[in-house]
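The block underneath contains the structure these notes are about, expressed in structure tokens.
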Amino acid sequence: MLELRKMTKMLGDKLVLRNITLSLEKGEILAVIGPNGAGKSTFFKCTVGLLQPTSGEILLDGKLVKKNSAEIKQRIGFLGHESFLYNNLSPLENLKFYGKLYKVKDLDRKTNELLKEVGLYLFRDMPIRSFSRGMMQRLAIARVLLPDPDILMLDEPHTGLDQEAVTLLNNIIKNKRDSGTSILIISHDFEQVHALADRAAVLKKGKIVSTRRIREEVSLAEMKRWYEAEVKSS
Ligand SMILES: Nc1ncnc2c1ncn2[C@@H]1O[C@H](COP(=O)(O)OP(=O)(O)OP(=O)(O)O)[C@@H](O)[C@H]1O
Ligand SMILES: [Mg+2]
């Protein structure tokens, strides 16, 4: 579905991503884990088009993606560290704004459905200025889901969420996976990675050093041991 070939990224004179080759299959949840500074967010930005990779190729369904391609923007929904929400608008207004931008069909029904799904329906008309971090994150999640992308890329999506919202997000992610969406998650949260991922890849100093099947094969403790061994080895 989404394939990255030999992606590299230089920032200043530093090689932050080194020859990353990785593929995301249809209906799969892939987690990318790695220590601080490993290059995870840079990898994320290069893949979703927020940063231009220095070299390498991105293929969508086997087809080479051109620079700044509209296709990648349409098909990939991404949630990074910025929420891309407007503080003076309410949840409903924010979603309507994005819905029009993305030409979402049946917008009224969809926005209401999503607001209920993320637990913000009661707050739908309140300017989000006063929202807590977790409420913002819930709305950011709704925004990403609105155009129904077939690839989801999430950078630390559990950050700021309470236990209820974590469960809610995980259920959304699993349901999306089961209906064929491909999902890439960047996370430090081993428990969530273990609960969600079909596969995990360890990114260390800009390189993918190991990938492993997780779902139904590896216990949480085993996954942690694998990660620590991969990060320690040179
Ligand atoms: N503008 C820049 N110029 C030079 N180096 C940069 C720049 N931005 C980031 N870096 C370096 O790139 C490396 C990777 O950063 P990145 O933010 O991708 O890491 P990360 O794995 O997401 O870390 P974290 O777990 O802390 O979020 C770091 O060593 C950082 O110092
Ligand atoms: Mg990061």
Side-chain angles (χ1 to χ4, degrees), residues 1-85 98 101-102 137 140-141 143-145 147 149-159 173 176-177 181-189 192-193 196-212 227 230-231:
M1 169 128 242
L2 180 73
E3 214 183 317
L4 308 169
R5 283 194 193 152
K6 297 191 171 174
M7 188 192 269
T8 63
K9 179 66 183 173
M10 295 277 299
L11 284 171
D13 57 1
K14 197 176 169 198
L15 193 55
V16 178
L17 297 180
R18 297 189 283 167
N19 260 324
I20 294 196
T21 296
L22 196 66
S23 64
L24 177 66
E25 307 301 330
K26 185 172 164 55
E28 149 176 87
I29 301 175
L30 172 65
V32 174
I33 48 182
N36 293 138
K40 301 181 298 298
S41 293
T42 308
F43 165 74
F44 173 84
K45 287 178 195 160
C46 285
T47 311
V48 302
L50 288 174
L51 270 181
Q52 182 67 50
T54 304
S55 65
E57 293 172 340
I58 301 179
L59 291 95
L60 256 181
D61 298 329
K63 273 193 347 208
L64 206 58
V65 172
K66 299 233 170 66
K67 285 179 189 169
N68 288 320
S69 129
E71 192 184 1
I72 209 150
K73 290 193 181 116
Q74 267 164 21
R75 293 191 47 191
I76 301 186
F78 65 88
L79 181 64
H81 295 313
E82 273 182 87
S83 68
F84 298 106
L85 298 166
Y98 277 102
L101 199 67
Y102 289 110
Q137 183 72 347
I141 292 162
R143 180 187 70 74
V144 173
L145 296 174
D150 58 5
I151 300 170
L152 275 175
M153 303 257 312
L154 313 168
D155 192 359
E156 308 275 359
H158 298 94
T159 311
I173 291 174
K176 287 277 158 196
R177 186 257 319 270
T181 309
S182 307
I183 301 157
L184 191 142
I185 303 179
I186 288 167
S187 182
H188 281 291
D189 191 331
Q192 305 316 328
V193 168
L196 289 169
D198 296 304
R199 266 191 319 143
V202 178
L203 184 70
K204 181 190 165 191
K205 293 183 184 157
K207 261 186 159 157
I208 300 284
V209 291
S210 182
T211 18
R212 176 165 190 177
Y227 171 79
E230 291 298 339
V231 167

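All values below come from the heavy atoms of this structure, side chains included, with hydrogens, waters and symmetry mates left out. This chain uses plain numbering: 1 for the first residue, then up along the sequence.
- Between T211 and A201 the shortest heavy-atom distance is CG2-CB, 3.3 Å.
- Rounded to the nearest 0.5 angstrom, L59 CG and S23 OG are separated by 10.5 Å.
- Listed by chain and residue number, F190 satisfy the ring pair (Phe, Tyr, Trp, His ring centres under 6.0 Å) test with Y227 (two or more places apart in sequence, or in another chain).
- Between the side chains of T8 and S55, at least one donor N or O lies within less than 3.5 Å of an accepting N or O.
- The side-chain contact (heavy atoms from CB on, under 4.5 Å) with I186 is formed by just one residue from the set V32, L203, L30; it is V32.
- Counting only heavy atoms from C-beta outward, the side chains of V65 and R75 never approach each other to under 4.5 Å.
- Evaluated for a side-chain contact (heavy atoms from CB on, under 4.5 Å) with I33, the options I185, D189, V193 yield exactly one hit, V193.
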Please assess M7 against L22 for the test side-chain contact (heavy atoms from CB on, under 4.5 Å), listing each intermediate value before the final yes or no.
CA-CA 9 Å; M7 188 192 269; L22 196 66; over 6 Å; no
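- Remark: E156 pairs with no residue by the salt bridge (Lys or Arg N to Asp or Glu O under 4.0 Å) rule, at least two apart or across chains.
- Annotation: side chain of D155 is not in contact with side chain of K40 (no heavy-atom distance under 4.5 Å).
- Between the side chain of E3 and the backbone N or O of G62, no donor-acceptor pair lies under 3.5 Å.
- A donor-acceptor pair is defined here as one N or O able to donate and one able to accept, closer than 3.5 Å; no such pair exists between the side chain of K26 and the backbone of M1.
- Note that CD of E230 is 3.5 Å distant from OG of S210, once rounded to the nearest 0.5 Å.
- Minimum heavy-atom separation, P149 to T181: O-CG2, 3.7 Å.
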Please tabulate, for the side chains in residues 9-19, all donor-acceptor contacts under 3.5 angstrom to protein atoms that are two or more places apart in sequence or on a different chain.
residue	atom	partner	partner atom	Å
K9	NZ	Q52	O	2.5
R18	NE	K205	O	3.0
R18	NH2	K205	O	2.9

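- The shortest side-chain heavy-atom distance between H81 and T159 does not fall under the 4.5 Å cut-off.
- Put simply, CD1 on I76 and CG on L24 are 8.5 Å apart, with the number rounded to the nearest 0.5 Å.
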Stepwise side-chain contact (heavy atoms from CB on, under 4.5 Å) check, I141 with L79:
CA-CA 7 Å; I141 292 162; L79 181 64; 3.8 Å; yes
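- Looking at T47 and L184, their side chains never come closer than 4.5 Å, going by heavy atoms from C-beta outward.
- When side chains are defined from C-beta on, E28 counts as touching R199, because their heavy atoms get closer than 4.5 Å.
- With rounding to the nearest 0.5 angstrom, the CD1 atom of I173 is 5.0 Å from the CG atom of L196.
- Between the side chain of T21 and the main chain of K6, a donor-acceptor pair closer than 3.5 Å is present.
- Atom CZ in F44 sits 7.0 Å away from atom CG in L154 (nearest 0.5 Å).
- Put simply, CG on L145 and NZ on K176 are 5.5 Å apart, with the number rounded to the nearest 0.5 Å.
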